[in-house]
Amino acid sequence: ILFLGDVMKVEAVVLDAEPGGNSVEITDDYDTRTKSSMLADKFDELFHDSKLEGLGKKVIEEANKNGVNAGFMGGVMAQETGWGRNSSMLNDLNNPGGLTCKSGSSGENWSCVARGDRHWKKFTSVEAAIEEKAAYLKRMYHDDGLFTIIQIQKRYCPDGDGCDTW
């Protein structure tokens, strides 16, 4: 499961963050509300040379504010942006979370842009997108009682919806 692998890579920084090198086991039933002990500088190392480098503190802050595991949120962003190197999603749209929108809609910090047969949120800044993604993960999944990676995957990218890499 590629997505789970991305979450594991992001959350693996706990090995360096916790005294004594205690690790966290990430499995399909991992509760994405578990507070991460990921350090901002370790996040920034994982997203080195990308538009996400230097935003680890913001990701952790927004994830914690919304009760979302920062490693999980980082894994979602890694999946959506090719580890911060997808120039279209990140550089053109400031959208590390792959957030979509309905044609003609807009928000305080975003507009809706058509790309092919889909519409994507184009944010005024990556920081605004990080805020939106953390709130989105809480609202769309946790508020509906979906807490594990597998539960979230079934809604985020259902089987048969082009999501064979999960």
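Side-chain contact between Leu55 and Glu127 is present, with at least one heavy-atom pair separated by less than 4.5 Å. The shortest side-chain heavy-atom distance between Leu99 and Tyr136 falls under the 4.5 Å cut-off.
Every residue meeting the side chain to side chain donor-acceptor pair (under 3.5 Å) condition with Asn94, not counting sequence neighbours, appears here in chain and number order: Lys51. Checked against salt bridge (charged side-chain N to carboxylate O under 4.0 Å, His left out), Lys57 has no partners two or more places apart in sequence or in another chain. Not a single side chain to side chain donor-acceptor pair (under 3.5 Å) links Arg139 to another residue, sequence neighbours left out. Taking the side chain to side chain contact (heavy atoms under 4.5 Å, CB included) definition, one finds that Asp44 meets it with Glu53, sequence neighbours left out. In this view, Asp144 and Arg155 satisfy the side chain to side chain donor-acceptor pair (under 3.5 Å) rule, not counting sequence neighbours. Evaluation of the side chain to side chain donor-acceptor pair (under 3.5 Å) rule for Asp49 yields no partner, not counting sequence neighbours.
Here the CG-CE distance, from Leu137 to Met73, works out to 6.5 Å after rounding to the nearest 0.5 Å. The NZ atom of Lys154 sits 13.0 Å away from the CD1 atom of Ile149 when rounded to the nearest 0.5 Å. A distance of 10.5 Å separates CD1 in Ile60 from CD1 in Ile130, rounded to the nearest 0.5 Å. With rounding to the nearest 0.5 Å, the separation of OG1 in Thr81 from CG in Leu52 is 5.5 Å. Distance CE/Met77 to CZ/Phe72: 11.5 Å, rounded to 0.5 Å.
Salt bridge annotation for Lys133-Glu62: absent, with no cationic side-chain nitrogen under 4.0 angstrom from a carboxylate oxygen.
Shortest non-hydrogen contact noted between Ser50 and Gly84 is CB-O, 3.1 Å. Ala40 and Gly56 get closest at one heavy-atom pair: CB-C, 3.7 Å.
For the disulfide bond (SG atoms under 2.5 Å apart) condition, no pair includes a residue of residues 38-86, sequence neighbours left out.
No side-chain donor-acceptor contact under 3.5 Å links Asn95 to the backbone of Leu90. For Arg85 (side chain) and Trp83 (main-chain N/O), a donor-acceptor pair under 3.5 Å exists by modelled atom type. Thr32 places a side-chain N or O within donor-acceptor distance of the main-chain N or O of Phe147, the cut-off being under 3.5 Å. The backbone N or O of Val68 lies less than 3.5 Å from no partner atom in the side chain of Asn66, so there is not a single donor-acceptor pair.
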Enumerate donor-acceptor pairs with a distance under 3.5 Å from any side-chain N or O in residues 112-122 to protein atoms, sequence neighbours excluded.
unit_1, atom_1, unit_2, atom_2, d
Arg115, NH1, Ser88, OG, 2.9
Lys121, NZ, Glu132, OE2, 2.9

When the side chains of residues 102-109 are checked against the rest of the protein, which donor-acceptor pairs come out under 3.5 Å, sequence neighbours left out?
unit_1, atom_1, unit_2, atom_2, d
Ser105, OG, Lys102, N, 3.4
Ser105, OG, Lys102, O, 2.5

In sequence, state the C-alpha distance, the side-chain angles, and the governing distance for Thr124 and Trp110, and then conclude on side chain to side chain contact (heavy atoms under 4.5 Å, CB included). CA-CA 6 Å; Thr124 56; Trp110 59 271; over 6 Å; no
